[in-house]
K.L.:
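Just passing along the structure, written as structure tokens.
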Amino acid sequence: MARKFRQFNDALDWVFEATKKDEQITRLKEWASTNQTVVPLVRIGVGAEKPNWGLPEGMPETAKLQDDLPEGMGETTIQIEWRRINTFLDPNSNLRNLPPWKQEMNWMQILEGLHPSEAKILTAVKDGVLLEMYPKLEKLLKDLGITEYNKLPEKKTRKPRKKKTA
């Protein structure tokens, strides 16, 4: 039986608790079978799809997130807010007729209702940098059929310097 999770971050943590890649993929697919938001958010979050959100990058400076909330105690969740989030993705939605400041206010209302960890994930999805939060996800993408995505920057390795002898 497929497990259900209240928060997106709890489910991603559960997926990556598995040590083997095949088991992680199985868990991700199992979670996606019960949650319609998983596939679009992962695809957008890794950059496989690049919708125009009509929003500035990053977390809004004026967002008032309740950092002291216990896990699972946000007023709402990404899954519950999916219909509102989807209006930002649809270029023909009525939201696009609103001035930019009003669109940002709607976005902040969504973020402020979420648990802070979910708000950070949703912001990472919007900016296409979900792989920075969950780098283990990159190993699974090819097996999930996602070949083009925002690759993580390669870590620069420094060559050790030779010590000068006097």
K.L.:
Can you confirm whether more than 12 heavy atoms, excluding those of E17, are under 6.0 Å from its CD atom?
P.N.:
yes

K.L.:
Quick check: are there more than 12 heavy atoms from other residues, nucleotides or ligands sitting under 6.0 Å from CG of N94?
P.N.:
no

K.L.:
So, taking the atom named CG in L12 and the one named OH in Y134, what distance separates them when rounded to the nearest 0.5 Å?
P.N.:
5.0 Å

K.L.:
Indicate, with yes or no, if W31 and F16 share a hydrophobic cluster defined by side-chain heavy-atom contacts under 4.5 Å among Ile, Leu, Val, Met, Phe, Trp and Tyr.
P.N.:
yes

K.L.:
Do side-chain atoms of R43 reach the backbone of K50 as a donor and acceptor pair under 3.5 angstrom?
P.N.:
no

K.L.:
Can you tell me how far the CH2 atom of W53 sits from the CG atom of L95, to the nearest 0.5 Å?
P.N.:
11.0 Å

K.L.:
Could you check whether E30 pairs with R27 (Lys NZ or Arg NE/NH1/NH2 to Asp/Glu carboxylate O, under 4.0 Å)?
P.N.:
no

K.L.:
Give me the atom names and distance for the closest heavy-atom approach of L122 to L111.
P.N.:
CD2-CD2, 4.1 Å

K.L.:
Is it true that F5 and L114 fall in one hydrophobic cluster, defined by side-chain heavy atoms closer than 4.5 Å?
P.N.:
yes

K.L.:
Any donor and acceptor pair, going by atom type alone, linking the side chain of Q103 with main-chain N or O of L98 inside 3.5 Å?
P.N.:
yes

K.L.:
Sub-3.5 Å donor-acceptor pair from the side chain of Q24 to the main-chain atoms of A18, do we have one?
P.N.:
yes

K.L.:
Between the main-chain N or O of G58 and the side-chain N or O of D127, is there a donor-acceptor pair closer than 3.5 Å?
P.N.:
yes

K.L.:
Return the CD1 to CE distance between I110 and M108, rounded to the nearest 0.5 Å.
P.N.:
11.5 Å

K.L.:
So, taking the atom named CG in N86 and the one named OG in S93, what distance separates them when rounded to the nearest 0.5 Å?
P.N.:
9.0 Å

K.L.:
If you look at every heavy atom in M133 and I121, which pair is closest and at what distance?
P.N.:
CE-CG1, 3.8 Å

K.L.:
Is F88 reachable from V129 through a run of I, L, V, M, F, W or Y residues, each pair having side-chain heavy atoms under 4.5 Å apart?
P.N.:
no

K.L.:
Quick one: does any side-chain atom of E118 pair with a main-chain N or O of F8 as donor and acceptor, under 3.5 Å?
P.N.:
yes

K.L.:
Residues two or more places apart in sequence or in another chain: which of them pass side chain to side chain donor-acceptor pair (under 3.5 Å) with K21?
P.N.:
D143

K.L.:
Only counting residues at least two apart or in another chain, list the ones meeting side chain to side chain donor-acceptor pair (under 3.5 Å) with N35.
P.N.:
T37, Q79

K.L.:
With the 4.5 Å side-chain cut-off for hydrophobic clustering, are V15 and L141 part of the same group?
P.N.:
yes

K.L.:
Minimum heavy-atom separation for P56 to K126, with atom names?
P.N.:
O-NZ, 2.6 Å

K.L.:
Within this structure, what is the CH2-OG1 distance for the pair W82 and T77, rounded to the nearest 0.5 Å?
P.N.:
12.0 Å

K.L.:
Please determine whether residues W14 and L130 belong to a single hydrophobic cluster, defined as Ile, Leu, Val, Met, Phe, Trp and Tyr linked transitively by side-chain heavy-atom distances below 4.5 Å.
P.N.:
yes

K.L.:
How far apart are the closest heavy atoms of L144 and K29, and which atoms are they?
P.N.:
CD2-CE, 4.0 Å

K.L.:
So which heavy atom on P91 is nearest to which on L89, and how close?
P.N.:
CD-O, 3.3 Å

K.L.:
How long is the gap from NZ on K120 to CG on N9, to the nearest 0.5 Å?
P.N.:
10.0 Å

